[in-house]
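Just so we're on the same page: letters track the sequence lines, and every chain starts at 1. The figures that follow rest on heavy atoms only: side chains count, while hydrogens, waters and symmetry mates do not. Just so we're clear, the structure is a prediction, and the values are computed from it rather than from any experiment.
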There are 2 protein chains.
Amino acid sequence: MARDKERTKARIIDAVGGLLTRSGFRAVGVNAVAEAAGVDKVLIYRYFGGLAGLLETVADEPDLWPTVDAVLAEAGIDEGGRDHGGTLAEAVAPLLIAYMRLLGRRPAALEAVAWGVAEQNPLSDALARRRNEWGNDVAGRVFRGRKAPADRDIQAVLCVLLGAVDHLMALSRLGVSFNGIELGTDGGLGRIEDAVAVLVHGALGGVIPGADPGVRPGPG
Amino acid sequence: MARDKERTKARIIDAVGGLLTRSGFRAVGVNAVAEAAGVDKVLIYRYFGGLAGLLETVADEPDLWPTVDAVLAEAGIDEGGRDHGGTLAEAVAPLLIAYMRLLGRRPAALEAVAWGVAEQNPLSDALARRRNEWGNDVAGRVFRGRKAPADRDIQAVLCVLLGAVDHLMALSRLGVSFNGIELGTDGGLGRIEDAVAVLVHGALGGVIPGADPGVRPGPG
DNA sequence: ATCTGAAATCACCTATCAGTGATAAAGGCC
DNA sequence: GGCCTTTATCACTGATAGGTGATTTCAGAT
């Protein structure tokens, strides 16, 4: 039980996750991690080469970031990748909302996203790499078999929407308001979800659900 | 010339701006500000009650945040508030893009936005208050006389788009990529601008400029 | 039992930073 | 010129952080 190197490494990694969740990125230092893990801080240097190496290792932990399958499941999309026959917008909107909700339940991931905006750090850098593969994976599964409007930069549109979700969810964890909407409440986040759906349907095509036909974009 | 309290205060405030611009928020500490201003750090406590008070004062500086008039001017909208007769989307899209560009030219403001996401601090708190009035002011001028679709939460839609702009511009100052788009380059930001325009027109109504009619949202 | 190497700890150094009490210099005023 | 208030500086403390060399403890092999 005692004197198990792998177990000790795992405890250190877990300590980082707990610290991120409970106390935020600012609290993640060599001393604090060592104390939270109940080990000597020298081991962080020995086993991970320092705090930077430790954070990179943490970023590769599978439970830090929501998996593609988890997002698809949350969105109610068959993970087998079978096409549900809907339009692109009908697939993307629930996906973004599912991503939003999953992110909201992962304080450590939100913390990493938020601090990756403030300054580059080993955790957010490694996470950014993983997210890129993640995005490609999702895109590959969603775009397959669906017609995308060729006259719009879908990648850029998704970039904007993903950026918005990251930003607003990161702010929500602080319980602040943004543009008059309380992001710390379910009501506020619900409004954001609806707005995301409106934006997706408006930009990616298809009818906006529940929209008054009189104001729907059209040739008129 | 020497021994002028107001002048010294101004120098301290300027030092914060310069430090934000050149070295980032992390570098803004009592010691660094004092050194950059060429004064003793005790004066920060005496004149501003500490770093927090100083940052609140900085947030109220008119040149930190783009003024409403500057954004309207950048967007090519008459600052007198005269209506140009366009649709809501035709007014909002250039406004968001103007805001985006102005923000990109204000490293200190970007720094404040970015760190306000990471953690609450006196600078971002005070800035958030100012931004709220700012948003109300802009909204008041833009919505006046224009028909807004009643079936959509316009405030939430704008919240999402503003959040996206803040997020992507904050990332752009780090020169990173996001969702495969290089935000540090003019080309990447240009794609973001176009995407914002597409999203605005899609969600707020009106025809997307240059869009292929075949894929335009409609009853079909 | 004891030797050995891995695993883990201890004690210590240095740098940095926020904050404070005592002190010095400058300029108006008579 | 001498005095007093304002302005500004000096010198110090305490806390916290990252980082490292020397040392100890344990498990397994011989």
Side-chain angles (χ1 to χ4, degrees), chain A residues 1-20 22-59 111-112 115 118-126, chain B residues 1-20 22-59 111-112 115 118-126:
Chain A
M1 177 83 104
R3 288 240 150 200
D4 183 334
K5 183 172 171 178
E6 291 310 314
R7 189 183 173 82
T8 302
K9 285 167 78 171
R11 280 171 51 154
I12 293 173
I13 292 172
D14 287 349
V16 174
L19 224 45
L20 276 175
R22 285 193 313 279
S23 313
F25 187 86
R26 174 144 257 175
V28 178
V30 181
N31 295 296
V33 169
E35 190 186 342
V39 300
D40 196 279
K41 64 177 169 181
V42 175
L43 299 183
I44 294 173
Y45 295 97
R46 253 207 261 302
Y47 293 156
F48 302 97
L51 192 61
L54 173 56
L55 291 181
E56 282 169 21
T57 307
V58 168
E111 201 64 26
W115 282 84
E119 58 185 353
Q120 286 189 279
N121 63 64
L123 179 59
S124 59
D125 287 353
Chain B
M1 179 83 102
R3 291 245 147 193
D4 182 333
K5 182 173 172 179
E6 290 311 313
R7 189 182 174 82
T8 303
K9 284 168 78 171
R11 280 171 52 155
I12 293 173
I13 291 172
D14 287 350
V16 174
L19 223 46
L20 277 175
R22 288 192 313 278
S23 313
F25 187 85
R26 174 145 255 174
V28 178
V30 180
N31 296 297
V33 169
E35 190 185 344
V39 300
D40 194 278
K41 64 175 168 181
V42 174
L43 300 182
I44 294 172
Y45 295 97
R46 253 208 259 302
Y47 293 157
F48 302 98
L51 191 61
L54 172 56
L55 291 182
E56 281 169 22
T57 307
V58 168
E111 200 66 23
W115 282 83
E119 59 185 354
Q120 286 189 280
N121 64 62
L123 179 58
S124 59
D125 287 353

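Residue Y47(A) places at least one side-chain N or O closer than 4.0 Å to OP1 or OP2 of dA8(C). One finds a side-chain N or O of T8(B) lying less than 4.0 angstrom from the OP1 or OP2 phosphate oxygen of dA8(D). One finds no side-chain N or O of N31(B) lying less than 4.0 angstrom from the OP1 or OP2 phosphate oxygen of dT16(C).
If you check dG18(D), dG19(C), dG21(D) against the side chain of V30(B), the one that comes closest is dG19(C). For K41(A), the listed nucleotide lying nearest its side chain is dT20(D); candidates were dT20(D), dT7(D), dG21(C). With distances taken from any side-chain atom of V42(A) to the nucleotides dT20(D), dA18(C), dT9(D), the minimum falls on dT20(D). Distances were taken from every side-chain heavy atom of L43(A) (C-beta onward) to each of dT9(C), dA7(C), dG19(C); the shortest belongs to dT9(C).
As judged by a 4.0 angstrom heavy-atom cut-off over every strand, V39(B) is placed among residues touching the sugar-phosphate backbone only.
A distance of 10.0 Å separates CZ of R7(A) from CG of D14(A), quoted to the nearest 0.5 Å.
If you take CZ of R26(A) and P of dT16(D), they are 14 Å apart, rounded to a whole angstrom. In this structure, CD1 of I44(B) is placed 15 Å from P of dC10(D), rounded to the nearest angstrom. In this structure, D40(B) atom CG and dC17(C) atom P are separated by 15 Å, rounded to whole Å. Between the P atom of dC4(D) and the CZ atom of R3(B) lies a distance of 18 Å, rounded to the nearest Å. Between D4(A) atom CG and dG5(C) atom P there is a gap of 21 Å when expressed in whole angstrom units. Put simply, CZ on R46(B) is 7 Å from C1' on dA8(D), counting in whole angstrom units. Across the protein-nucleic acid pair, K5(B) atom NZ and dG28(C) atom P stand 17 Å apart, rounded to whole Å. Here dA7(C) presents its C1' atom at 18 Å from OH of Y45(A), a figure rounded to the nearest Å.
Closest non-hydrogen pair, A27(A) versus A32(A), comes out as O-CB, 3.2 Å.
Under 3.5 Å, the side chains of W115(A) and E111(A) contain a donor-acceptor pair of N or O atoms.
Residues I12(A) and T57(A) have side chains not in contact (no heavy-atom distance under 4.5 Å, counting atoms from C-beta outward).
Tested against V33(B) for a side-chain contact (heavy atoms from CB on, under 4.5 Å), the candidates L55(B), L54(B), V58(B) yield a single pass: L54(B).
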